Amino acid sequence: MGVGYHLILHVQSFFCDCSLRTVTRNVNRLQAETLPQSASSGGTRRSHWPSVNMIKLFDLAVLLTVCAGIISRIPSGLCGTSPGTPWQDVSVPIQRRVLALVSNMTTEEKIGQLSSNSPAIEHLGISAFNWWTECLHGMWMPWDNAKAATFFPQPIGLAATWDTDFMHEVASMISEEMRAINNEQFKQDKTHRGLNCFGPNINIFRDPRWGRGSETYGEDPHLTSRMGVAFVQGIQGADPAYIKVGATCKHFAAYSLENADGYSRMSFNASVSHRDATDTYLPAFEACVKEGHAQSVMCSYNAVNGVPTCASPELLQRHLRQEWTFPGLVVSDCGAVEGVSRNHKFAKSLAEGAADTLKAGTDMSCADYSYLKDSLMEGLVGHVDIDMALIRVLTRRFQLGMFDPPDQQPWSTIPMDVVGSQRHLEAAVEAVRRGSVLLKNRKSTIHHGSPKTLPLDAAKLKKVSVLGPFANSSEMLLGNYYGTPAGPVTTPYEAIKGYLGDKAEVSLHLGTRVTGYAPDSEGAINACTDVDVCIFFVGSSMIALHEEAGPAGGYSMWSATTESEGFDRSHLKLPGSQEEIIKAAAVNTNTPIVVVLIHGGPLDVSWMEKSDRIGAIMSAWYPGQGAAGIADLLFGKVSPSGKLPVTFYYNNYTDIQSMSNMDMRSWPGRTYRYLQEPEVYPFSHGLSYTAFEYSNLVLTPSHNAVDPNGFVAQVEVHNTGDMEAAEVVQLFVAPSPALLQAPFSSNLPRKALKSFARVVVQPGQHQMVELLLSSKDFQYATSGPSLENGQSRELVTGDWLVQVGSEQTVCSVSSSAQAFKTSAVAMTPKTLLSRLTDPITAQINTAWW
């Protein structure tokens, strides 16, 4: 009875505690302590689960606590709650209200609430609720496409702003629209919708071919963490009592393959080392739950080291609940619970797979957890397992205000007129202004005042040709996970025509489709003859249909032409014959050419970068409803300020790197942190219409007793041009030559982003920018062969190079206190280039084999 008594004590402490966070932690502790001290990814597949006897002890513990009056169906026994329906009494703490509700539910009712499409229980006052609403860049209900919303640029385009404050603002607007739609629905039939969203996607864009990379915030763990936390906080709001909309950080973990190398995302086993888990795949999730306080986490389709993520105690219990003390609920990706048995063959039946996921810590199934009825009958789970999951699920519903009078909630008065409002549509345009990245801008003679191709001088333009499959297609601008747009979806052609008005003649030419069509080279040549400038809108598409029509009534995510969910790219070139129409115009005319890329993943546009005939290249990503911002950038209303959140690789990268290889360090390396080969455009690249100079980089101790290795970096940023512009100030750290001689140097990244800030500087002025460095920024994974060995980090002491813009200095990190020396060196482009080929870099390259 020793184990049973131990469990009873924990159950008692759980149900008697009046602190919501402590309640949840006790649940987590109770679940975690029933797991063995270690779990193997191989061998007998169920050896890591509690025995049937242990499950019986769970049931015994619950039975005894019920008998002791801790859980009671008599409402007056629940710490003083009133008779009737105490869970609707707002004067009672939420945790007691949840327990009162759970104690009045039948087993069948409980299991029904663990599916994402939760049914109503009228006699308990529980309304039906569908948890599945998407919010990556606007609200979309897959089960109700008629609900309109504002659609901002695809998340990769939002990441390119490098602006956490703006990201927070966009997320707040998205949740504002979701709340407005809920409020309207509640007025009609007293039901709720749109109060939970399956986003953000904080997986790392580790391979440029990944079809869902555009849903993420790029390839860097720090950038992804900062943007993810900002998004979560904007979605959920800051009210101490109620959540505005629940955010779900997905897909946990190491998910970044759709259909490559003969593998499917539904059954792929990601082999992840401890180092890669600690340094790359897990940091954004840790930040999401510990700093962002996300209400839920979604486990992914894939397995990690032999165990499906939704059935992984290592991920869901040890990392998520124990190490990060996550109090929220875990929801499966849609169909992932069934996939444990059907795809991974990890379980022998749906009932066994459901039991595996529930006991590992998956509280809710998208879409069906009804298999738990069989799991319970077969003794694979106990009632306490179901109750624990249900408590977390219902706690979220209480925090969303579903059981409280609307007049007591801060979000209940948001009106429907915020949906598609002018403010929100203008924010979508502003997102394109801030997130579009100017990749190339060479000398030209088509306007005054500047030797560059862009910005275009509208006063001097008489004839403009706009070409390409994205020039006038509304739906192809929206990316994926979109529904019905609220308000217009302006196309680039319409934006240019609207900007120029009757001052210039703007003609439209298709030229080709994205795929499957022969190029109209002759048409492209004719269109670019006897005009002032030729602007091509080309890229990669996430849809196959409706290329000319406006947004369709149906959702076409599954019919991707080049990149999408379920569809990875096989190459990095522009799809179809798009390059051919640009080359035809470049070879056969003398007209200046500007290329605007509409896309999600990196593209190999190296021939355009090298060509003297291509004046400028700009990445506008999938701009959503903000394409009018493209015209503002082309004509110089604002200066481009976006920076790449991903590396643009050469296409031959796909020939030498297997997509299914999850190792970040294996040659030629993945992302800018480990890449050992040249790239077309590096991570963080982005040009401006003005010029910035950096000076006076200084490192000082943060004087924080808790963090003795903390530093404050200060640098002056000067706008030496003649135009107001924003600059993204980025701080990178890299191992010094001395560190590169250490035995562990091969495990360190070549360089890593640790801090950034976006500032607006007036022409001829400067700003002092402060960036923080913590001791955690110098910590990397300890040695360990696999994820199961834990997520421990160790401080890497010694000299580190700190680079901010063109300035560089050295900081020395020790285990007890900090010493620092400033040896700031101005790094001209020539100096930077030399660093790429000097002996130090050669040592880095050698170390990564």
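The model shown is predicted, which means the values in this text are computed figures rather than measured ones.
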### Message
Could you check whether any side-chain N or O of Thr216 sits under 3.5 Å from a backbone N or O of Pro155, counting only pairs where one atom can act as donor and the other as acceptor?
### Response
no

### Query
Quick one: do the Gln154 and Tyr482 side chains pair a donor with an acceptor below 3.5 Å?
no

### Message
side-chain contact (heavy atoms from CB on, under 4.5 Å) for Ser684 and Trp162? Distances and angles first, verdict last.
### Response
CA-CA 9 Å; Ser684 79; Trp162 293 58; 4.2 Å; yes

### Task
Kindly give the heavy-atom pair with the smallest separation between Arg397 and Ser118, and that separation in Å.
NH1-CB, 4.2 Å

### Query
Heavy-atom distance under 4.5 Å between the side chains of Val90 and Pro405, does that happen here?
yes

### Query
Is a donor on one side and an acceptor on the other found under 3.5 Å between the side chain of Ser436 and the backbone of Val432?
yes

### Query
Looking at Glu177 and Lys147, does any basic side-chain N land under 4.0 Å from a carboxylate oxygen?
no

### Task
Answer yes if the side chains of His509 and Ser507 hold a donor-acceptor pair under 3.5 Å, and no otherwise.
yes

### Task
Working to the nearest 0.5 Å, report the span between SG of Cys197 and CZ of Phe231.
5.5 Å

### Query
What's the verdict on side-chain contact (heavy atoms from CB on, under 4.5 Å) for His251 and Asn201, showing C-alpha distance, side-chain angles and the deciding distance?
CA-CA 6 Å; His251 309 81; Asn201 183 338; 3.4 Å; yes

### Task
Determine yes or no for a side-chain-to-main-chain donor-acceptor pair under 3.5 angstrom, with Gln295 supplying the side chain and Leu400 the backbone.
no

### Task
Indicate yes or no for a side-chain donor-acceptor contact from Glu215 to the backbone of Leu136 under 3.5 Å, with no hydrogens or angles considered.
no

### Query
Do Thr690 and Asn719 meet the criterion of a side-chain donor-acceptor pair at a distance under 3.5 Å?
yes

### Query
For the residue pair Cys135 and Ile235, what are the closest heavy atoms and their distance?
SG-CD1, 4.3 Å

### Task
Could you pull out the closest heavy-atom pair between Ile156 and Gly213, with the gap in Å?
CD1-O, 4.1 Å

### Task
With rounding to the nearest 0.5 Å, note down the distance linking CG in Leu425 to CE in Met173.
10.0 Å

### Task
With the side chain counted from C-beta on, respond yes when Val594 and Cys534 share a heavy-atom pair under 4.5 Å apart, and no when they do not.
no

### Message
Ignoring hydrogens and geometry beyond distance, is a side-chain donor-acceptor pair present between Tyr255 and Arg212 at under 3.5 Å?
### Response
yes

### Query
At their closest point, which heavy atom of Val419 faces which heavy atom of Ala180, and how far apart are they?
CG2-CB, 4.2 Å

## Note on the structure
Rounding to 0.5 Å, atoms CG (Leu634) and OH (Tyr499) come to a distance of 9.5 Å

### Query
Under the 3.5 angstrom rule, does the side chain of His599 hit a backbone N or O of Gly601 as a donor-acceptor pair?
yes

### Query
Heavy-atom distance under 4.5 Å between the side chains of Leu454 and Tyr689, does that happen here?
yes

### Message
Looking at Trp411, I'd like to know if the NZ or CZ of Lys244 sits under 6.0 Å from its six-membered ring centre while staying within 45 degrees of the ring's axis.
### Response
yes

### Task
Check the side chains of Ser412 and Asn183 for a donor-acceptor pair under 3.5 angstrom, ignoring hydrogens and angles.
no

### Trp621/Phe152 under ring-ring contact (aromatic ring centres under 6.0 Å, His included): CA gap, chis, key distance, verdict
CA-CA 11 Å; Trp621 313 105; Phe152 297 88; over 10 Å; no

### Message
Is it the case that the side chain of Ser421 and the backbone of Val418 share a donor-acceptor pair, with hydrogens and angles ignored and the cut-off at 3.5 Å?
### Response
yes

### Task
List the steps and the verdict of side-chain contact (heavy atoms from CB on, under 4.5 Å) for Leu644 and Phe683.
CA-CA 5 Å; Leu644 290 180; Phe683 172 84; 5.7 Å; no

### Query
Do we see a donor-acceptor contact under 3.5 Å between the side chains of Thr562 and Ser541?
no

### Message
For a side chain to side chain donor-acceptor pair (under 3.5 Å) check, start with the C-alpha distance between Thr647 and Glu219, then their side-chain angles and the critical distance, and finish with the verdict.
### Response
CA-CA 8 Å; Thr647 300; Glu219 68 184 40; 2.8 Å; yes

### Message
Any salt bridge linking Glu430 with Arg433? Criterion: basic side-chain nitrogen under 4.0 Å from a carboxylate oxygen.
### Response
yes

### Task
Please indicate whether Lys503 has more than 12 foreign heavy atoms, meaning atoms of other residues, nucleotides or ligands, lying under 6.0 Å from its NZ.
no

### Query
Sub-3.5 Å donor-acceptor pair from the side chain of Glu505 to the main-chain atoms of Val464, do we have one?
no

#### Entry: Verdict with supporting geometry, Met178 and Asn182, side-chain contact (heavy atoms from CB on, under 4.5 Å)
CA-CA 6 Å; Met178 297 174 78; Asn182 171 77; over 6 Å; no

### Task
Run through Leu223, Val769, Leu731 and flag the one making a side-chain contact (heavy atoms from CB on, under 4.5 Å) with Phe756.
Leu223

### Message
Taking the basic N atoms (NZ, or NE/NH1/NH2) and the acidic carboxylate oxygens, is any pair closer than 4.0 Å for Glu727 and Lys643?
### Response
yes

### Query
Between Asn196 and Trp131, is there a donor-acceptor pair closer than 3.5 Å when you use the side chain of the first and the backbone of the second?
yes

### Query
Atom CZ in Arg396, atom CZ in Phe129: separation rounded to 0.5 Å?
12.5 Å

### Task
Report yes if the side chains of Pro153 and Tyr622 come closer than 4.5 Å at any heavy-atom pair, otherwise no.
no

### Task
Grab the two heavy atoms, one from Gln767 and one from Val760, that are nearest each other, plus how far apart they are.
NE2-O, 2.5 Å

### Message
Is it the case that the side chain of Ser564 and the backbone of Gly211 share a donor-acceptor pair, with hydrogens and angles ignored and the cut-off at 3.5 Å?
### Response
no

### Query
Is it true that the side chains of His192 and Ser127 contain a donor and an acceptor less than 3.5 Å apart?
no

#### Entry: Non-hydrogen side-chain atoms of Met542 and Ser214 separated by less than 4.5 Å
yes

### Message
Distance alone, cut at 3.5 Å: any donor-acceptor contact between the side chains of Glu176 and His424?
### Response
yes

### Message
Any donor-acceptor pair under 3.5 Å linking the side-chain atoms of Glu565 with those of Tyr481?
### Response
yes

#### Entry: Side chain proximity check, Leu439 to His685, heavy atoms < 4.5 angstrom
yes

#### Entry: Glu724 and Ser639: side chain donor to acceptor below 3.5 Å
no

### Query
Roughly how far, to the nearest 0.5 Å, is OG of Ser474 from CD of Glu494?
6.0 Å

### Query
Heavy atoms, side chains only, cut-off 4.5 Å: are Tyr694 and Val717 in contact?
yes

### Task
Could you check Asn472 against Thr491 for side chain to side chain donor-acceptor pair (under 3.5 Å), going step by step and ending with a plain yes or no?
CA-CA 5 Å; Asn472 201 37; Thr491 67; 2.7 Å; yes

### Query
Is the closest side-chain heavy-atom distance between Thr164 and Met227 below 4.5 Å?
yes

### Message
Looking at Pro142, is its backbone amide N or carbonyl O close enough to the side chain of Trp132 to form a donor-acceptor pair, meaning the two atoms are under 3.5 Å apart?
### Response
no

### Task
To the nearest 0.5 angstrom, please state how far the CD1 atom of Ile598 sits from the OG atom of Ser619.
8.0 Å

### Query
Shortest non-hydrogen contact from Ile202 to Cys288?
CD1-CB, 3.7 Å

### Task
Not counting sequence neighbours, which residues clear salt bridge (charged side-chain N to carboxylate O under 4.0 Å, His left out) with Arg193? List them please.
Asp144

### Query
Would you say the side chains of Arg758 and Thr161 form a donor-acceptor pair under 3.5 Å?
no

